[in-house]
Amino acid sequence: MPMGVYGAGHQGRLFGGPVKNGGKGKESMVGKIVTIPGDGIGPEIVREACKVLDKVGSAFGHSFQYTEILMGGCSIDAYGVPLTDEALEAARQSDAVLLGAVGGDVGNSRWYDVAPDLRPEAGLLAIRKGLNLFANIRPAYLYQELADACPLKKEIIGGGFDLVIMRELTGGLYFGERHTKMVDGVMQATDTLTYNENEIRRIAVKAFEIAGKRRGQVVSVDKANVLDSSRLWRKVVEEVAKGYPEVKLAHMLVDNCAMQLVMDPGQFDVVLTENMFGDILSDEASMITGSIGMLPSASLNEAKFGMYEPSHGSAPDIAGKDVANPIATILSAAMMLRYSFDLDKEADAVEAAVQQVLSEGYRTKDIMSVGGKEIGTAQMGSFIAGRIKGPSA
Ligand code: NAD
């Protein structure tokens, strides 16, 4: 069972604040959720996550109201842009956003014959920026039932691993000024990497809060031997660390971290890093679990608002075939329950239902192995929903 971002079964929450009902769960509530099915397998997997949320609602006495908006290729087809102002505003008015994935086959889709800011993925950048979602949390956990899918040798994975990558999401290279121009007859492209101390401090605080409720270790990843932005990063992280004496801080250069993740992933608890390094390292961390279809993520702002989405993309190669694994999206919905709605018991119930279905041997095609029972996307969603146990169960 994964520790969750806060550790196994604990009732912590990211933003402090009062614990309702002595931490025993919450009375009936109504959650306003904006769903973004997006492209490719997105609609199939979001449908299953909503199925599970509805079961949580009926089992625990809550109700979830959904408003669907378009983003990505489907929005380009409908409106000519990957995200309209109206769609962004609808997301702003919600309590939380559940996203499938956006994008098509990059080498073979009309959506990519246009300027970068009109491509499907520009919708993602715009919504992250527009909702101020600066903290991206991606757990990477090895399910013992799926250990055979892990590409690492058994002696490396040992007792498994359970880590969280905390990636800064709205600064750095992806949001810096960029241009391409001719200089002395030669084409030259420039991207800029900028961070200010406030941007570093707020993500560092989140990482230390999370580590304090897990195994108490933060590894801050940078390239301080080369980059000024990394030297500032390191300085600010060390300042923040002074406020969390119970958390152990270590620094690691990004190239070393890339190696350590495949040599000894069990050493990591919370990995804190900037945008581009986090993009690459979180994909690496996903892949060593051997099952990208299993990994959820959350992108949060300074309050309780968040956008929740699987770590994988829109998988256009398998769209519409009822073979996509919906578990990453279902676990993302569990993160939503925990962080945006303070519904820890309900989130635990979703995670336990996923674990139960895996223990019973059910697998989608991507995680199928000898002896498993292969089922499709919709059936996996129904099985997980069917195993949600409410408080009286
Ligand atoms: P991908 O994650 O979509 O697919 C990689 C491989 O994993 C494919 O073989 C796919 O079939 C498989 N896969 C992914 N999710 C799966 C699931 N739930 N169940 C079973 N198999 C699954 O990555 P890609 O192929 O590099 O990108 C495809 C599109 O997705 C591109 O347009 C890309 O830009 C976009 N993308 C979107 C997001 C997002 O919306 N957040 C993230 C990454 C990529």
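Numbers here are sequence positions counted from 1. Worth knowing before you read on, the calculation uses all heavy atoms, side chains too, and leaves out hydrogens, waters and symmetry mates.
The 12-atom threshold is not exceeded at CD of Glu177, counting heavy atoms of other residues, nucleotides or ligands nearer than 6.0 Å. Open room surrounds NZ on Lys365; 12 or fewer heavy atoms of other groups in view lie less than 6.0 Å from it. Heavy atoms from other residues, nucleotides or ligands lying under 6.0 Å from NZ of Lys181 number 12 at most.
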Could you walk me through whether Met335 and Ile137 satisfy the side-chain contact (heavy atoms from CB on, under 4.5 Å) test, starting with their C-alpha distance in whole Å, then the side-chain angles of each, then the deciding distance to 0.1 Å, before giving a yes or no?
CA-CA 10 Å; Met335 290 179 91; Ile137 306 173; 4.2 Å; yes
Ile203 and Trp233: side-chain contact (heavy atoms from CB on, under 4.5 Å), yes or no, with the steps?
CA-CA 10 Å; Ile203 185 89; Trp233 182 277; 3.8 Å; yes
side-chain contact (heavy atoms from CB on, under 4.5 Å) evaluation trace for Phe277 with Cys257
CA-CA 10 Å; Phe277 297 159; Cys257 185; over 6 Å; no
Working note: Ile127 + Ile36, criterion side-chain contact (heavy atoms from CB on, under 4.5 Å); need CA distance, chi angles, decisive distance, verdict.
CA-CA 11 Å; Ile127 201 165; Ile36 310 181; 3.7 Å; yes
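Nearest heavy-atom pair, Leu133 versus Phe305, reported as atom, atom and distance to 0.1 Å: CD2-CD2, 4.0 Å. Heavy atoms only, all atoms of each residue included: Met166 and Ala135 are closest at CE-CB, 4.0 Å. The shortest heavy-atom contact between His312 and Gly293 is CD2-CA, 3.9 Å. The heavy-atom pair separating Ala59 from Pro391 by the smallest distance is O-CD, 3.3 Å. Residue Arg214 comes nearest to Leu163 through the heavy atom pair NH2-CA, 3.7 Å, listed as atom of the first residue, atom of the second, then distance. Taking every heavy atom of both residues into account, Phe208 and Val240 meet most closely at CD1-CG1, 3.8 Å.
When atom types are taken as modelled, the side chain of Thr170 and the backbone of Phe134 share no donor-acceptor pair closer than 3.5 angstrom. The backbone N or O of Asn196 sits less than 3.5 Å from a side-chain atom of Glu199, completing a donor-acceptor pair. Looking only at distances, a side-chain donor or acceptor of Ser75 sits under 3.5 Å from a matching main-chain atom of Val81. In this structure, the side chain of Asp95 does not engage the main chain of Ile33 through any donor-acceptor pair within 3.5 Å. In this structure a side-chain-to-backbone donor-acceptor pair under 3.5 Å is missing from Arg215 to Val270. Between the side chain of Ser314 and the backbone N or O of Gly103 there is at least one donor-acceptor pair closer than 3.5 Å. Lys51 places a side-chain N or O within donor-acceptor distance of the main-chain N or O of Ala378, the cut-off being under 3.5 Å. A distance-only check finds no donor-acceptor pair linking the side chain of Arg387 to the backbone of Gln355 [under 3.5 Å]. For Asp191 (side chain) and Arg178 (main-chain N/O), no donor-acceptor pair under 3.5 Å exists by modelled atom type. Under a 3.5 Å cut-off, the side chain of Asp322 and the backbone N or O of Thr377 do form a donor-acceptor pair.
Under 4.0 Å is where a charged nitrogen must lie from a carboxylate oxygen, and between Arg201 and Glu239 at least one such pair does. For the pair Arg231 and Asp222, the salt-bridge criterion is not met [side-chain N within less than 4.0 Å of a carboxylate O]. Note on Glu209 versus Lys206: no salt bridge recorded, every NZ/NE/NH1/NH2 to OD/OE distance being 4.0 Å or above. At a threshold of 4.0 Å, the pair Lys248-Asp269 does not count as salt-bridged, since none of the basic side-chain nitrogens sits closer than that to a carboxylate oxygen.
Residue Val164 is grouped with residue Val350 when hydrophobic side chains (ILVMFWY) are merged at heavy-atom distances under 4.5 angstrom, including chains of intermediate members. Transitive grouping of hydrophobic side chains (ILVMFWY, heavy atoms separated by less than 4.5 Å) keeps Leu99 and Tyr79 in distinct clusters. Connection of Ile76 to Leu83 is not established within any shared hydrophobic cluster, with ILVMFWY side chains joined at heavy-atom distances below 4.5 Å, either directly or through further cluster members. Under the 4.5 Å side-chain heavy-atom criterion for grouping Ile, Leu, Val, Met, Phe, Trp and Tyr, Leu300 is connected to Val271 within one hydrophobic cluster. In the hydrophobic clustering of ILVMFWY residues, with side-chain heavy atoms under 4.5 Å counting as a link, Met263 and Leu253 come out apart.
Taking the six-membered ring for Trp and thresholds of 30 and 60 degrees, Tyr143 and Tyr141 have ring planes more than 60 degrees apart, a perpendicular arrangement. Ring geometry, Phe383 versus Tyr362: the interplanar angle exceeds 60°, so the pair is classed perpendicular (tilted spans 30 to 60°).
Note that CD1 of Ile165 and OG1 of Thr273 are 8.0 Å apart. Values are rounded to the nearest 0.5 Å. Between the CG atom in Asn325 and the CZ atom in Arg363 there is a gap of 10.5 Å [rounded to 0.5 Å]. Put simply, CD1 on Ile200 and CD on Glu197 are 8.0 Å apart, with the number rounded to the nearest 0.5 Å. Interatomic distance, Asp77 CG to Asp39 CG, rounded to the nearest 0.5 Å: 8.0 Å. Rounding to the nearest 0.5 angstrom, the gap separating the CG atom in Asp348 from the CG atom in Leu343 is 11.0 Å. In this structure, Ser109 OG and Arg119 CZ are separated by 10.5 Å, a value rounded to the nearest 0.5 Å.
Side chains of Glu168 and Tyr195: a donor on one and an acceptor on the other come within 3.5 Å. Counting only N and O atoms by type, the side chains of Glu360 and Gln356 include a donor and acceptor under 3.5 Å apart. Side-chain contact of Arg138 with Ser286: a donor-acceptor pair under 3.5 Å is present, judged by distance alone. Between the side chains of Glu274 and Tyr174, no donor N or O sits under 3.5 Å from an acceptor N or O.
Among the candidates Val34, Leu98, Leu53, the single residue satisfying the side-chain contact (heavy atoms from CB on, under 4.5 Å) test with Tyr66 is Leu53.
By the 4.5 Å heavy-atom criterion applied to side chains, Met259 and Asp255 are not counted as neighbours. The shortest distance between side-chain heavy atoms of Ile327 and Leu358 falls below 4.5 Å. Looking at Tyr112 and Asp105, their side chains never come closer than 4.5 Å, going by heavy atoms from C-beta outward. Residues Glu89 and Gln93 form a side-chain contact, since some pair of their non-hydrogen atoms from C-beta on lies under 4.5 Å apart. Side-chain contact between Leu88 and Met71 is absent, with no heavy-atom pair separated by less than 4.5 Å. Counting heavy atoms from C-beta on, the side chains of Phe64 and Cys50 never come closer than 4.5 Å. Using a 4.5 Å heavy-atom threshold, the side chains of Thr67 and Ser94 count as separate. Side-chain atoms of Ile384 and Met380, non-hydrogen and from C-beta on, do get closer than 4.5 Å to each other.
No cation-pi contact links Lys345 to Phe60, judged by a cut-off of 6.0 Å to the six-membered ring centre and 45° from its axis.
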